[in-house]
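Note that ligands are numbered from 1 as they come in the structure, with each ligand's atoms numbered from 1 the same way. Remember, predicted model here, so these are calculated numbers, not experimental data.
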Amino acid sequence: MKLTTYRTEGCLRGTRKPVRWLLVALCAVSVSSARAWGAEGHRLIAELAQKQLTLSATAEVDRLLGLEPGATMVSVSTWADEKRAPATAPLHYVNPPEGACDYDRQRDCRDGRCVVEAITAKVAILKSRASDAERLAALKWVIHLVGDVHQPLHVGLAHDKGGNLYQVRAFGRGSNLHAVWDSAMLKRLPYSAELVASAAAAVPAVSVRSDPAAWASESCALSRSADFYPEDRKVDAAYLARWDATLVRQLARAGMRLAATLNEALGSAPAARDKK
Ligand code: ADE
Ligand code: ZN
Ligand code: ZN
């Protein structure tokens, strides 16, 4: 990734220790444009994951990305949003019903068209003997969707479209809670021009097994916890202070788990993988 634009003002000033490492990581991410988990979130997750890949997973990721001139994990991380179409829109989220965060395929994703089943399906393609072109497309999906499933409101409620219909005033502007979690909060965190430190070491140990259903259940519980929806519909410094550590933790987990998923899918040499 070319590091072109940085925000240096206010870097790390006044931040709490647990979030500092990620703020450092944020510095390495170009801040030129914004889309959902905004582009910044997806790029950051891809960058964190890339640094945690095994040698053999790196070799296979690089070989597949090499089919597209200039492609990197960071550059392809937003591809699935850029080409978002009505047919694939449901693959970015899942909406378990009220009072039920234990993901249940029969109940929550009967047709298989939701973020949990999409991750599972794309990982299966990545592990398979499908063509390189198909496996490259699957890789791009996995890089993106493991990020999405860690955005708490991508495992939100159907009635408000995962917070898209919950209007809020965010830092003085009209917005909605989904957009706040996709990007507005992340943009508010201070950036630094320093490069990524070894981020994962500072994150409390979590299960990094590739288990999209468990990740979705976690996100679901977060977006339904007390105070997640601000009753006064105000997203301000106080809301950010309450939730910034959660935001940072979700990004960190997404990076670690994306790496674990790719290491598991691509960790063995191609010949061994083909025999599976
Ligand atoms: N984007 C569009 N609809 C959505 C939903 N129901 N949940 C989460 N994200 C969405
Ligand atoms: Zn989103
Ligand atoms: Zn998405």
Quick note on ligand 1: atoms under 4.0 Å from a heavy atom of L153 include exactly 8 (C)

If you count the atoms of ligand 1 from 1 in the order shown, which ones are under 4.0 Å from a heavy atom of G162? 5 (C), 6 (N), 7 (N), 8 (C)

Once you restrict to heavy atoms under 4.0 Å, what part of N164 touches ligand 1? Side chain, backbone, both or neither. side chain

H92, N/O/S atom nearest the Zn ion (ligand 3): ND1

contact_flag D160 ligand 1 heavy-atom lt 4.0 Å: no

Does H178 have a heavy atom less than 4.0 Å from any atom of ligand 1? yes

Would you say the side-chain atoms of [X] and [Y] include a donor-acceptor pair closer than 3.5 Å?
X: Y229; Y: D160; result: yes
X: H42; Y: D148; result: yes
X: E117; Y: Y103; result: yes

May I ask you to check whether H42 brings an N, O or S atom to under 2.8 Å from the Zn ion (ligand 3)? no

Taking the Zn ion (ligand 3) as the vertex, measure the angle between atom OD1 in D81 and atom OD2 in D148; round to 10°. 170°

Can [Y] be reached from [X] by stepping across I, L, V, M, F, W or Y side chains whose heavy atoms are under 4.5 Å apart?
X: F228; Y: V149; result: yes
X: W37; Y: L48; result: yes
X: V142; Y: V61; result: yes

What is the name of the N/O/S atom of H178 that is nearest to the Zn ion (ligand 2)? NE2

Take the Zn ion (ligand 2) as the vertex and measure to NE2 of H154 and OD2 of D182; round to 10°. 150°

Minimum-distance protein heavy atom relative to atom 2 (C) of ligand 1: Y93 CE2, 3.6 Å

re atom 6 (N) of ligand 1, the protein heavy-atom contact at minimum distance is N95 OD1, 2.7 Å

What's the verdict on side-chain contact (heavy atoms from CB on, under 4.5 Å) for Q151 and L247, showing C-alpha distance, side-chain angles and the deciding distance? CA-CA 8 Å; Q151 205 277 51; L247 170 67; over 6 Å; no

Would you mind telling me which of R129, R135, E134 makes a side chain to side chain donor-acceptor pair (under 3.5 Å) with S131? E134

